[in-house]
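All remarks here apply to the structure that follows.
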Amino acid sequence: MRATPRQAARATAHLVLAAAMAFGAYIYITVLLITATGALAVAGIWLVPETVLLTRRIAGAKRRLTGSWTGRDVPEAYQPITGTLRERLRVSVKDPGTLTDLRWLFAYFGYGWLTVLVLPLWPAALLVDGLWAGLLRRTPVVLPLITGLADLEARWSAALLRPSPKALLSGRVERLTATRADAVAAHGAELRRIERDLHDGTQAHLVALSLRIGLARRAYQGDPEAARKLLSDAQEQAEDALLELRHVVRGIHPPILTDRGLVGAARALAASSGLQVAVQAEGLDGGPRPPAAVEAAAYFVVAESLTNAAKYSGSGRAEVRLGRTPSGLGVRIRDEGRGGADESAGTGLLGMRRRVAALDGTMRVTSPVGGPTVVEVDLPCVW
């Protein structure tokens with residue numbers, strides 16, 4: 001019995017906000033009329049893109065309100081309105097999202113008034129349900145109608161505000177184009193890093209090794225002791241070159257991923273991070289492993305996040321969670337440090353985002369000043 005009044009109260013709050021938005025929509029008719037008049041008079045044609053942007057904000061607020069009630073986000077797909085006036089006008093008129101928003105707005109002029117029906121329902125609920133459910137312990141009759149009214153309003157709004165398949169496809173193409181550009185940039189940066197590591201590290205060691213072997217060969221006949229010393233130095237140089245080469249290979253695809261899997265590799269990173277790191281894994285101990293590219297991306301996200309936490313957070317603790325999701329692999333890293341992480345500050349977050357985007361994944365960073373910092377990554381894959 002207690003749950004029903006609480007749900008009805010929550011539905012009432014939703015309907016009150018919906019009614020306020022409906023009242024604002026009626027006032028917004030004035031803006032639409034001014035824009036239409038200005039467009040017909042040509043002198044006010046510049047009002048069209050501004051009105052479309054304002055309509056997008058109103059529709060966005062309605063999407064958020066509907067999503068908060070239903071628990072499911074209502075997607076949006078818009079083309080950016082930028083450039084010259086001619087370009088802004090063209091996008092404003094041809095963008096399918098404009099028609100979607102206007103269709104919802106004009107429909108809302110009609111069904112927005114339904115929210116006022118909640119006003120007589122509460123007195124009826126106090127009278128009927130107070131006696132029927134409160135005293136007789138029966139199932140409430142009127143209170144569920146309030147919740148049903150909120151559900152009906154949300155369903156209509158979600159259906160009207162949902163972008164058309166064409167708009168969703170266009171947005172998807174734009175995201176993939178941006179992702180491809182980021183992937184190309186990340187690939188180029190990775191190639192330059194490998195080239196730099198080979199040139200400055202491994203190649204330098206190999207050149208020094210070749211020189212020492214040449215000197216040892218020349219000194220072998222006249223000074224065997226010096227030759228042995230040079231050969232000993234050459235052996236150390238060869239070991240340094242192998243170590244540097246292993247470091248380069250580890251940067252391409254860490255061998256520990258092949259040997260121990262993602263969970264074992266994450267625990268190895270945690271042990272060597274200098275922090276107290278708790279690693280939790282759900283659904284990854286046994287069964288099929290994610291693709292190698294997904295494992296590598298998750299590994300580098302964990303490695304970079306722990307490195308950032310050790311360098312910048314000021315905290316001695318962190319938490320790593322790895323889990324299988326219905327759509328792929330989820331990674332979550334949290335530290336209790338000072339927060340304030342900034343992607344433009346060179347902390348590696350941009351590189352992480354590009355690596356994740358290259359696999360069509362998503363990355364969310366929450367880092368308010370004062371902490372905590374939370375990095376959440378979703379990497380789609382087929383198990």
Checklist entry - How are the rings of Tyr108 and Trp104 set relative to one another: parallel (under 30°), tilted (30 to 60°) or perpendicular (over 60°)? => result parallel
Next on the checklist: How long is the straight-line distance from OG of Ser92 back to CG of Leu47, given to the nearest 0.5 Å?
Outcome noted: 11.5 Å
Checklist entry - Should Arg332 and Glu319 count as side-chain neighbours, where that means a heavy-atom distance under 4.5 Å? => result yes
Item to check | Pairwise ring-ring contact (aromatic ring centres under 6.0 Å, His included) hits with a residue in residues 20-51, at least two apart | outcome: Tyr26-Phe109
Checklist entry - Would you call Thr55 and Thr98 a side-chain contact if the rule is heavy atoms closer than 4.5 Å? => result no
Checklist entry - Heavy atoms, side chains only, cut-off 4.5 Å: are Val320 and Leu269 in contact? => result no
Checklist entry - Hey, are the side chains of Val301 and Met363 touching, using non-hydrogen atoms and a 4.5 Å cut-off? => result no
Checklist entry - What is the distance from atom CG of Leu152 to atom CG of Leu15, rounded to the nearest 0.5 Å? => result 10.0 Å
Item to check | Close side-chain approach of Leu161 to Glu76, heavy-atom, < 4.5 Å | outcome: no
Checklist entry - Does Leu322 share a hydrophobic cluster with Val365, counting links as ILVMFWY side-chain heavy atoms below 4.5 Å and allowing steps through other members? => result yes
Item to check | Leu17: hydrophobic cluster co-members (side-chain, 4.5 Å) | outcome: Leu65
Checklist entry - So, are Glu153 and Lys62 salt-bridged, with charged N and O less than 4.0 Å apart? => result yes
Checklist entry - Can you tell me how far OG1 of Thr35 sits from CG of Leu40, rounded to the nearest 0.5 angstrom? => result 11.0 Å
Next on the checklist: Is there a continuous path of hydrophobic side-chain contacts, each under 4.5 Å between heavy atoms, that joins Phe106 to Ile29?
Outcome noted: yes
Next on the checklist: Does the plane of the ring in Trp69 sit parallel, tilted or perpendicular to the ring in His14? Use 30° and 60° as the thresholds.
Outcome noted: parallel
Item to check | Ion pair check, Asp101 and Arg57, cut-off under 4.0 Å | outcome: no
Next on the checklist: Between Pro49 and Leu89, is there a side-chain heavy-atom distance shorter than 4.5 Å?
Outcome noted: yes
Item to check | Ser157 vs Arg63 side-chain heavy atoms within contact, under 4.5 Å | outcome: no
Next on the checklist: Let me confirm one number: the CG-CG distance from Leu379 to Leu329, rounded to the nearest 0.5 Å.
Outcome noted: 5.5 Å
Checklist entry - Are any non-hydrogen side-chain atoms of Ile81 and Arg56 less than 4.5 angstrom apart? => result yes
Checklist entry - With Leu32, which of Thr37, Thr51, Leu54 fulfils side-chain contact (heavy atoms from CB on, under 4.5 Å)? => result Thr51
